[in-house]
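As structure tokens, the structure follows; a few thoughts come after it.
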Amino acid sequence: MAGNDVEEKGRAAAQKSLDQVTLIDPDVIECPYHTYKKLREEAPVYKDPVAGFYIVSCYNDIMKVIKDTATFSSNVAEAVFPPGERNRAEEFGGYPSVPALITADPPKHKYYRNPINKVFSAARVEQMEPYIEQITHALIDDFIKDGYCEFVAQYTIPMPLMIIADQLGVPREDLPLFKEFSDALTTQVSGVANREQRIWAAKKNVEFQKYFVKVIEEKRVNPTDDIITDLINAQMENGEPMSVPELLSVLNILLAAGNETTTNSISKGILLLIQNPDQMKLVLDDLSLVENLTEEVLRFDGPVQGLMRVATRDAEIAGAPIPKGSVIMLRYASANRDEQHFPGSEAFDIRRRNAATHLAFGQGIHFCLGAMLARKEMNVTFRAVLTRMKNLRLAPGYPEPHHEPSIVLRGLKELHLAFDPAP
Ligand code: HEM
């Protein structure tokens, strides 16, 4: 639940006449759920008059679109950012981005995904638990005695960054660089970046490319046991290895997809517990609820609000005609509040039986590659925080938590916490 002011603005935005509803509205970005409800009830397939794309907001309709990869392509870059409204690495001397992994369609998609599937499998992630716990506790050790922390900067940003850097096989001292690289991609997909921000992001992307070209060259000579080496050794459908632009595109997605998302879902989970003391009490009394808490956080207010597809031919969704070339925004966060699938959907309920059927990780062939890892990172964190940081509350004297501006990702800018260190 958002704070009062934010909540009021979100409610007011949803009361506008339907033809004025847009996801680009800052009040909708801050508090979108009233608008999603209106769309599900009044126009489940709705053409956003400002953004220009079709928003699909109901659970079953989204599932149908996701499964039909021939009609609804994930290769959205050109359709979403027409020339003139984009700034790319190649303008600044970098490599062009290639549709890879999240933006690749069948049959090519599997050639990008197969070499890294095993790294993030449930079995491998299970083995990683002690290592994740070690990172978690070391970060908490740094601020536990203070009884205060800015949780986003001191915990939720560094934690997933360290883990993905280790998996890629790049040194932790470069974490500040990786954070910038990851922010650059987030800016590029935010849908609300101005020209100056887009140019900054494109230039950062060139820095990212230079950094990783060097790493790739080193690992070609001295292979190590990590994802980059696996990708270098992977074979595409023609038996050839991936090209450098392909490798860079896959690495860019891996670096960015696993950071901001996990950062945001962990901080949101802690805020939701503080805002819902009855749920906080439930989980404190029974820590075995942590796994379902994680699912409910992802369902209730997930970090990926929606992702796009482009129609490869004239099509139809829930009776609405969709012309060839149209961009479609699959609003996963709205599907996760769909009453037809989640009765009592507007309540944050950590005992909800079907919480794990949320679409926060998408579905189908693009189902989040890092879902098992993200879940583990959330579970380990929630257990550690609930055990070590008692009487958890918002630190007094700070403004109510706000979200970063983006129509795709949703995450808190800051989260100032006060707590009593457990004895
Ligand atoms: C709570 C955290 C996370 C959320 C909510 C999330 C969400 C998503 C979603 C919604 C998709 C589907 C894309 C689509 O429908 O087009 C996706 C794909 C993907 N995610 Fe995540 N993600 C999270 C964490 C991670 C982590 C930790 C990693 C990697 C370490 C990761 C890597 C990926 C990759 C590589 C894809 C593309 C998969 C493909 O296209 O085959 N994600 N994620």
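In this chain, residues are counted from 1 in sequence order. Just so it is clear, the values below take in all heavy atoms, side chains as well, and ignore hydrogens, waters and symmetry mates. Order of appearance sets the numbers: ligands from 1, and atoms from 1 within every ligand.
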Record the part of [X] in heavy-atom contact with ligand 1 below 4.0 Å; permitted values are side chain, backbone, both and neither.
X	result
I116	neither
E377	neither
R113	side chain
Y112	neither
L307	side chain
L298	side chain

For residues L139 and M162, determine if any side-chain heavy atom of one lies less than 4.5 Å from a side-chain heavy atom of the other.
-> yes
Among [options], which one has a heavy atom closest to [atom]?
atom	options	result
atom 37 (C) of ligand 1	I102, V65, L359, N259	I102
atom 15 (O) of ligand 1	F120, F367, Y332	Y332
atom 40 (O) of ligand 1	H358, M372, H366	H366

Between [X] and [Y], is any side-chain donor less than 3.5 angstrom from a side-chain acceptor?
X	Y	result
E400	H402	no
Y36	Q305	yes
S334	R40	yes
D105	T69	no
D142	Y155	no
H403	K268	yes
E150	Y398	no

State whether the shortest distance between N or O atoms of R309 and N or O atoms of ligand 1 falls below 3.5 angstrom.
-> yes
Any N/O pair S265/ligand 1 closer than 3.5 Å | no
Anything protein N/O/S under 2.8 Å from atom 21 (Fe) of ligand 1? Just list residue and atom, please.
-> C368 SG
Applying side chain to side chain contact (heavy atoms under 4.5 Å, CB included) to T224 and not counting sequence neighbours gives K219, D226, T229
In terms of ring plane angle, is the pair Y148 and H416 parallel, tilted or perpendicular, where the classes change at 30° and 60°?
->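 Plane angle under 30°, so parallel.
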Please state whether the rings of F367 and F361 are parallel, tilted or perpendicular, taking 30° and 60° as the class boundaries.
->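 Because their plane-to-plane angle is over 60°, the rings of F367 and F361 count as perpendicular.
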As an exercise, identify every atom of ligand 1 less than 4.0 angstrom from a heavy atom of [X].
X	value
L101	35 (C), 40 (O)
I365	41 (O)
I164	30 (C)
P303	5 (C)

Salt bridge (Lys or Arg N to Asp or Glu O under 4.0 Å) assessment of K64 paired with D68 | CA-CA 7 Å; K64 280 188 199 141; D68 186 356; over 6 Å; no
Report yes or no: does M308 have a heavy atom closer than 4.0 Å to ligand 1?
->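 M308: no contact with ligand 1 (<4.0 Å).
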Does NZ or CZ of R337 lie under 6.0 Å from the centre of the six-membered ring of F300, at an angle within 45° of the ring axis?
-> yes
How close do I62 and R331 get, heavy atom to heavy atom, and via which atoms?
->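 Residues I62 and R331, closest heavy atoms: CD1-O, 3.4 Å.
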Could you tell me the residue and atom name of the protein heavy atom closest to atom 10 (C) of ligand 1, and the distance to it rounded to 0.1 Å?
-> A360 O, 3.2 Å
